[in-house]
Undergrad: 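Dropping the structure in here first, questions after.
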Amino acid sequence: MHEFSYYAPRSLSEAIGLLATHGAKARPLCGGTDLIIQMRAGALRPTSIIDVKQIRELRRISFDGTTGLYLGAAVPCVEVYENAAVLGRYPGLADAARLIGSVQIRHRASLGGNLVNGSPAADSVPALIALGATALVAGPEDERTVPVEGFVVAPGRTVLRSGELLVGLQVPPPPPAKSSSAYLRFTPRNEMDIAVVGVGVALVMDGERCLKAQIALGAVGPTQIIAQEAAAYLTGRRLDQAALDHAGWLASRAATPIDDARGTAEFRRHIVSVLTRRALLAAADRARVN
Amino acid sequence: MTKELIEATINGEPVEFLCEPRQSLLEVLRDVLNLTGTKEGCLTGDCGACSVILDGRVVCSCLVLGVEVAGGAIETVEGLAEGTHLTELQQTFLEDAALQCGICTPGFLIAAKALLDSNPDPSETEVRYALAGNLCRCTGYDKIVRAVMDAAALMRQRQSSSSSAKQGREA
Amino acid sequence: MATNTIDSSSGYRVIGTRPIRPDGVDKVTGRAKYGADYALPGMLHGKVLRSPHAHARIKAIRFERALKLPGVKAVVTGKDLPEGENKSVPLGEMSVNPRYLGHNILARDKALYQGHAVAAVAAVGLHIAEQALELIEIEYELLPPVMTVDEAMANSAPILDPELRNEEQGDEPTNIAKHTQLKRGETEAGFKSAQTVVEREFRTAMVHQGYIEPHNALATYGSDGRATIYCSTQGPFEVRGMSAAVLGVPVGSIKVVPAEIGGGFGGKTTVYLEPLALLLAMKTGRPVKMVMTRAEVLRASGPTSGSHIKVKMGCARDGKITAACVWLAYEAGAFPGSPVAAAAMTVLAPYAIPNVLIDAYDVVVNRPKTAAYRAPGATNAAFAAETVIDELAERCGIDPLEMRILNGAREGTPHPAGPPYRRIGFIETCEAIKNSPHYRSELNGANRGRGVASGFWFNAGMQSAAMVNIHADGTASVVTGSPDIGGSRASCAMIAAEVLGLEAEEVRPVVTDTDAIGHTDVTGGSRVTFATGMAVFQAAEDAMRQLKERAAKLWECKPEEVEFRAGKFFAKGNPDAPITIKELAKRLPRTGGPVSGRATVNARGVGPAFATTCIDVEVDLDTGKVEILRCTVAQDAGRAIHPAYVEGQMQGGTAQGIGWALNEEYVYDAQGRMLNAGLLDYRMPTCPDLPMIETIIVEVPNPGHPLGVRGVGEVSIVPPPAAVANAIYRAVGVRLTELPMSPPRVLKAILTHSGQPSATAWS
Ligand code: FES
Ligand code: FES
């Protein structure tokens, strides 16, 4: 591995200062489960590593009824899916956090890191998008919020400007009505795999009727895709087999997959329709008991 | 390259070591501290051979920088047994023939310990998922899963007999 | 756990029990020393620069800048190695081509696969060595890559090695290194008498052994010209011989110390880093350690061949197979030497078929040079033949196990490539599955199916040496030169304990270096418990003979009059009380000195191994994903010395076979670059991907071994891909003919079969 310096700031302002000083050559470190691999492979060569795990704002996880869930960018996956508020109110997010890597990885990897990586296959991103999450970004001049759906602009590239740091994620409170969420992915192995397709959905239900749906797709385009048409189609409908099938078909049309080592485009498009159907069913089941 | 002086606790003992920021915890354990029981299989977090427990959590030491563990507590395979007294897990791995080449064994013992520390009575499925980050190419996992379940049973037995002994004393 | 052993009526005291393995405590405490765990004072770290291209001419190498980097001590390239002879030279009972071997260690004028070593560096630290690699400039001229046997065999194919010739094509340059043909009877007539004929074509992907421990080597070289190599290898004597051949130094100048080995499965029977580490040590005069990364292991060690196979088989109305034609083309990798000849000899070996024609082609392609992988060549071929037999059985309305029993090889059946079999246990493995709780259970549920398949492996004999030393307290040590990859130390200790009347725990097994024991061939071919076990048995008998002589001396009788029974020495008519080995051991100094039994063997009497496997699957019709629900394997072990480790071999091989069946494959892009060179994307089964693997040890003693032992290490990998394919067929009605049977492939087959291409995907 190449040489670099290591900093472990204890406050946000200190971290922002370090990022400002080191500019594009600096890289924040959360769990390191992706960054260290990329550095070892020579794909990334930052000369300064800013370990942000000791900053309070990045390690906090909290829920309140008006603002919803706050998730520090460096909170490891286990703390996400073991959190009672997440389990109860954002099960789709718990699904995603539980699927990332292995237990070993989930003790280090964070959803913030998952997002900042900009991987089209990141498991937590479709789940966050479906739930309408926003990213809180701090920079040398100011702070800003960016909807998660617009955060990744290309594979490996995000809206973060040089000197900016992802501080946390804010997920709005779920509507008071019967609502729920789910995230499903397809992988050839049962665990320890990268999504060939990932589908996050959030539903608001009125009995068997869908009041509102949101569907986000992962690993089937350069960035995550919102299956707008499918979601719109479901609004006001009963989620019967025909509706699910049609929504799946619409979602698969929204996908723009490519062939790569992990799967072919045609396979992925097919799986989008299957998983969309299954994820909608799973979320609807959960909403029923909510 | 400048090295940093790091203080940490390894297997209960305070340890100081010098390392470059680019050295992983795995490298520090093996090459700096001579604790070669923790193994390297991939350096990408995919095999679990390098598993250690860091501040109570099982992690891949190949994906942790040495400098990140300042002030931390690390448990490695070398710290499992107390003197010559093997833990139940080590014992059942031997009795159930849960190792062949043994290169994956330290990682499995650590991951299994982490599991049983938090879940003393796991189902077979729970065991399998908890060990998903540890690859074994020799055994087909059958005997490993059995060894972990057997160790869990032994540990529960010990716990209940020690707590009933305690109750006995208290009564 | 109950032992599932059939026919075990051994009457042995130690053999067949399950003592704790002698190396166990070291391995559960982290004390066991594997190759990468060695370090020496003043040690340098070596790294290899590898070709990013699959096929390229190396025009120039410039490494001056690398040499100038502080801490860099040496850089070597192909020019630093002598040119080896281009012919096969014997090495033990194997043979190697020194030219090919040397060119694989460091490329000369051409890089022949992505990952081919082009230069190596030694530096004072690992990270400095890595940095130095970036400072080496190589000028390549790109050549078109040839990635599959079909491409390589085409008339206009680019040629990998302009000097390569085969006997049939005369002086024409070719990528076909060798064509082998096996023939018996008249297949044309055989097919005429058939009532049902099935003809199918198959493809299988290149796969890797996937041992968890990467290759490693640590070499030292002294001013006296003596070298020592510490490494994790299946064959220390092969490492010695091959390193000597590559470097052009005398064999006797190298000592190889085998470290603990973290899996091999055939992949650690050759050399990659060992000669390089030694070359760098010779250049610098300092110890040099080298360890591969996982990407290097996948790209540049020796996986096993992908293949293209055609099978045509016919049977009479009653199910008797009348004729079979098999066409096999195997990827050798960048240099000749795929296991296709073994494939030809194994593909029909479980069956008595009167008319057979087998053609086998060894083909070079721009992929890493293949190495052995557990029953090399047999699994690909069995995937083809065993699915065709399944189809024949189905068409004839015969149970697939009955079909195998009906046609199965027995004692006296001629092997397709050799003499008739002695006593073998193929039928017994089929019967064992037939009578198993698994096969007799009902499989309910949608999209579920049960498949069976069988496999054959020769097993190997070859050379082994052993010493048995009696200690002063009457315990013993067993010294061999066979690295232990699956528990063979335990079985060697048990064999000696059996002969000496000791407990297994009283015998300490030692695997020693190449100077300390007679030549011992590779740990491979499932030969250690068989051949090294035979040497141990004889060495223990030699020690026993000497012990009897000592007792005779004590009692002033003839050695023939001394008997050893129930752990005690007696002599007929001797008034003294019988004595134990422990008591006798104390008297050794006064009866002639230490007792050390020795034996060397070039083992004959190898007993082939058969396995039959039953697998239940559930197929997800929407995604093509196959879940393994249940799995039982029956295997003839001859005699199970340590049943737990026999089961372990059966389970491990089965798991590898399932991985091969479902998801493992080398994926390349059009330029010949491997796209999945890591353990996340090279998908070996993880713990949640497998069920418990039930085992039935069948014991049909091998008449060629004093204890009845057959090799047990390999054959279990052979049946699973075919068993899974047959199970998928029974679950969803489609026959898969390509490995791996990954979700996209299975889904496509299902959708094509149902004639309703997916609403979204296949329109
Ligand atoms: S070496 Fe760390 S996970 Fe493989
Ligand atoms: S025992 Fe060899 S990899 Fe697990």
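Values below: every heavy atom of this structure, side chains too, minus hydrogens, waters and symmetry copies. Residue numbering restarts at 1 for every chain, and letters A, B, ... go by the order of the sequence lines.
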Undergrad: Would you say the side chain of A:E3 lies within less than 4.5 Å of the side chain of C:H127, judging by non-hydrogen atoms?
TA: no
Undergrad: Say you draw a straight line from CG of C:L680 to CZ of A:R262; how long is it, rounded to the nearest 0.5 Å?
TA: 6.0 Å
Undergrad: Quick check: does any side chain N or O of A:R189 sit under 3.5 Å from a backbone N or O of C:P685, one acting as donor and the other as acceptor?
TA: no
Undergrad: Calculate, to the nearest 0.5 Å, the distance between atoms CG and CD1 belonging to C:D620 and A:I271 respectively.
TA: 7.5 Å
Undergrad: Taking side chain as everything from C-beta outward and backbone as N, CA, C, O, which of these in C:D622 sits under 4.5 Å from a heavy atom of chain A? Side chain, backbone, both or neither.
TA: both
Undergrad: Hey, which of C:L662, C:L675, C:D669, C:T623 has the most heavy atom pairs under 4.5 Å with chain A?
TA: C:T623
Undergrad: Non-hydrogen atoms of chain A under 4.5 Å away: do they reach the side chain of C:E665, the backbone, both or neither?
TA: neither
Undergrad: Does C:R294, at its CZ atom, have more than 12 non-hydrogen atoms belonging to other residues, nucleotides or ligands within less than 6.0 Å?
TA: yes
Undergrad: Heavy atom to heavy atom, less than 4.5 Å: which residues from residues 128-136 of chain C reach chain A?
TA: C:E130, C:Q131, C:E134
Undergrad: Rounded to the nearest 0.5 Å, what separates atom OG1 in C:T686 from atom CD in A:E191?
TA: 7.0 Å
Undergrad: Can you tell me which portion of A:R278 sits under 4.5 Å from chain C's heavy atoms? Options are side chain, backbone, both or neither.
TA: side chain
Undergrad: What part of A:R277 gets within 4.5 angstrom of chain C, counting heavy atoms only: side chain, backbone, both, or neither?
TA: side chain
Undergrad: Rounded to the nearest 0.5 Å, what separation is found between the CG atom of A:N190 and the NZ atom of C:K625?
TA: 4.0 Å
Undergrad: Quick one: which of C:L679, C:V667, C:L126, C:D689 has the most heavy-atom pairs under 4.5 Å with chain A, could you say?
TA: C:D689
